[in-house]
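Worksheet for the structure shown next.
Predicted model, so just to flag it, every value in this text is computed and none were measured. Values below: all heavy atoms of this structure, side chains included; hydrogens, waters and symmetry mates excluded.
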Amino acid sequence: MWIILAHTALAFLGFYLWLRSQKAAPLWSALGALSFACSGHLISCWDNLPFIATVVWIPWIFWAAQKALENPSLNRWIFLGAVLSLQVLAGYPFFTLYTVLFLVFWFERQKLSSTTRGAFRLTLCLSACATAFQWFPFLDLLSYGYVEPWKNFPYYTKPLEYMTLVKPDYLGFFGSLDYRGTFSNANFNFYFGLIPLGLWIVSFFFIRRTQTLFWSLSAGFFLVWMAGKQLFVWFFVPQSIIQFLEPSKSTGIFLLCVITSAVLTLNAFFQEKEKSKLFWPGLLTLCWMFDLFRVSFLLSYPMPNPFQNPEIRDKAGQIKKLAGDRRILTVRTDSDAVFLGPNAFQQSFESPVRLGVVNSNSVWGIRSADSYLTLRVDGSMNLKWYELNQWPYFGDLLDVAGVRFILAPQGLPSNKFKVLKKWENHFLFLNNRASEDMRFVGKKQEWDSRPAVLNQLTLPHNPWKEVVDLEKNKKGGLVSLPAAQRLWTELIPPNYERQAPSRASFSFHCSQAGYVVFNETYAPGWRAWLDGRPVPILRAYGLFMATSIPGPSDHQLVYRYEPASFRLGVFISLLSLGWLGFYGIARRQIH
């Protein structure tokens with residue numbers, strides 16, 4: 001809650017400074033800042049800290065850019081770059097994408113000298129370089145990451161969701177069965193107050209007088225853009241591009257434009273009136289504040305902390321004790337996945353099935369396999385296919401994945417699973433066939449494609465314990481990741497140890513040549529060392545990793561997730577920060 005309040009105050013102060021830089025009166029600037037900080041969007045983001053941590057920097061960025069325009073000194077350009085960097089580091093790149101695109105558009109339309117334009121572009125470049133260690137790996141992940149098709153939950157807005165412009169709770173209670181909005185858009189409530197909404201509409205009729213043409217039209221553009229393919233004007237934009245750009249993520253920029261337009265319209269109107277008449281400004285202020293202060297009560301609700309419930313903690317402790325450090329898969333019905341409102345929210349946590357879904361890794365320390373692998377890449381969602389469609393369970397994919405425990409609301413075949421614990425109608429099953437995280441296999445079988453490999457794993461009685469399934473690429477070789485470029489000299493502990501999600505090691509003896517299978521995500525960035533020498537990583541069973549063992553001996557195998565994009569990003573960030581420090585010291589000595 002303290003983090004939420006701090007970010008709300010940060011959003012208010014940033015927007016107030018921004019409006020003051022636009023020559024708005026203090027009272028109207030404060031009310032406009034209140035519309036932003038208490039908008040439906042920011043309050044809906046209270047449950048999503050990366051969202052609110054990113055969006056609150058939008059007005060600060062434009063205020064810093066305005067101050068740099070007024071006095072293009074080195075300190076002000078550095079401040080703009082620092083604020084831009086803070087938004088990047090806040091952790092949600094698509095908000096930053098829309099912020100930077102609109103910032104460039106707004107900046108370039110100013111009547112500026114070539115020196116000022118050059119300084120602005122240099123600031124953008126240096127900010128990007130300083131934060132390269134954050135966004136380089138993200139772009140790298142986009143190149144191979146799995147994007148789940150949003151059939152029921154599209155990234156763009158339903159027409160019905162525009163009604164939140166006039167009523168913040170129009171769609172109903174988020175999370176309830178009668179919620180009429182889109183789950184993926186629950187954080188993108190459009191409400192920012194009835195009075196500023198009316199002022200924005202009025203601004204179109206008084207554009208020449210209020211000089212808000214740019215902000216009014218920009219707000220209109222983003223409101224139309226957020227409709228995505230639901231609006232006929234975007235029919236020419238491919239669906240894949242719409243989904244990638246996620247139009248709803250421009251809500252923060254829409255709020256910047258629409259509230260700025262409303263406040264400047266109001267400011268221009270009252271500048272023409274006599275300052276001694278305070279009745280109407282006072283009444284307007286009271287109505288404006290009352291309207292916004294009720295938004296938080298309409299969109300949020302108090303509830304007990306389910307993670308502090310002794311009964312729930314006891315159930316989680318029992319599961320943790322039984323599961324240890326092995327993977328557990330939660331199978332849930334639709335009724336288990338949806339709660340009926342604030343009164344039923346606590347009850348939804350009391351089911352042990354929910355314990356395997358909600359923050360199981362970070363809160364309870366239980367290795368949940370629901371999203372399964374450390375990285376979600378192409379193919380890893382095949383495990384969901386079993387969870388949603390393949391019960392009772394028959395195939396071997398979950399066995400190969402190392403899913404040792406299954407938490408389900410129904411019984412499973414007794415010849416394959418043993419019931420360890422029962423809570424009301426939920427069962428905790430032991431899967432004795434589950435693979436170890438790392439294991440030695442003596443034989444291989446090559447297939448022409450990944451689908452051919454995965455089809456084998458959907459069948460029972462696959463000889464996966466003795467044979468590793470590998471796949472060929474288009475050139476006839478095996479699909480693999482390249483070997484690292486450096487040796488590994490660090491001593492590793494005996495047997496298998498998972499030091500962290502990004503590191504694992506295995507000491508073993510084998511009597512023949514073969515393969516070691518590591519049932520973690522096959523993804524670019526993983527590196528392997530066998531006895532200190534870099535070795536390539538093969539794709540095993542379509543999803544996991546394997547390394548070739550040349551012959552009988554004692555061996556030490558190390559896996560580390562070291563994406564080149566992160567190393568390159570760190571190098572660029574350190575280089576740019578070092579250059580800035582050197583330039584600052586040199587400039588100070590000269591002066």
Side-chain donor or acceptor of N431 paired with backbone N/O of V403 under 3.5 Å
yes
Please list all pairs meeting salt bridge (charged side-chain N to carboxylate O under 4.0 Å, His left out) that have one or both residues in residues 552-580, counting only residues at least two apart or in different chains.
R486-E562, R560-E562, E562-R567
For D531, does its backbone N or O pair with a side-chain atom of Q556 as donor and acceptor, under 3.5 Å?
no
Distance (rounded to the nearest 0.5 Å) between W526 CH2 and T521 OG1
7.5 Å
For K465, look at atom NZ and say whether over 12 heavy atoms of other residues, nucleotides or ligands are found less than 6.0 Å away.
yes
Those residues that, when tested against E497, pass salt bridge (Lys or Arg N to Asp or Glu O under 4.0 Å) (two or more places apart)
none
T131 (side chain) donor-acceptor with S85 (main chain) under 3.5 angstrom
no
Can you tell whether the side chains of D469 and K444 come within less than 4.0 Å, N to carboxylate O?
no
Residues E436, R439: salt bridge by 4.0 Å N-O rule:
no
Roughly how far, to the nearest 0.5 Å, is the OG atom of S480 from the CG atom of N473?
7.5 Å
For atom CZ of F138, decide whether the heavy atoms of other residues, nucleotides or ligands shown that lie under 6.0 angstrom number more than 12.
yes
By ring pair (Phe, Tyr, Trp, His ring centres under 6.0 Å), which residues pair with H555, not counting sequence neighbours?
F508
Report the distance from atom CD1 of I58 to atom CG of L103, rounding to the nearest 0.5 Å.
11.0 Å
Quick one: pull up CD in E446 and CG in L478 and give me the separation to the nearest 0.5 Å.
4.5 Å
I'd like to know if the side chain of S449 pairs up with that of E471 as donor and acceptor (distance under 3.5 Å, no hydrogens or angles considered).
no
Listed by chain and number, what are the ring pair (Phe, Tyr, Trp, His ring centres under 6.0 Å) partners of F95, not counting sequence neighbours?
F51, Y92
Under a 3.5 Å distance rule, please check whether S573 uses its side chain to pair with a backbone N or O of A130 as donor and acceptor.
yes
Short question: side chain of Y541, backbone of W464 - any donor-acceptor pair under 3.5 Å?
yes
Quick one: side chain to side chain donor-acceptor pair (under 3.5 Å) pairs with a partner in residues 317-326, sequence neighbours left out?
D314-Q318, Q318-K421
Would you please name every residue forming a side chain to side chain contact (heavy atoms under 4.5 Å, CB included) with A540, sequence neighbours left out?
V468, L470, A546
Rounded to the nearest 0.5 angstrom, the CZ-CD1 distance for F518 and I537 is 9.0 Å
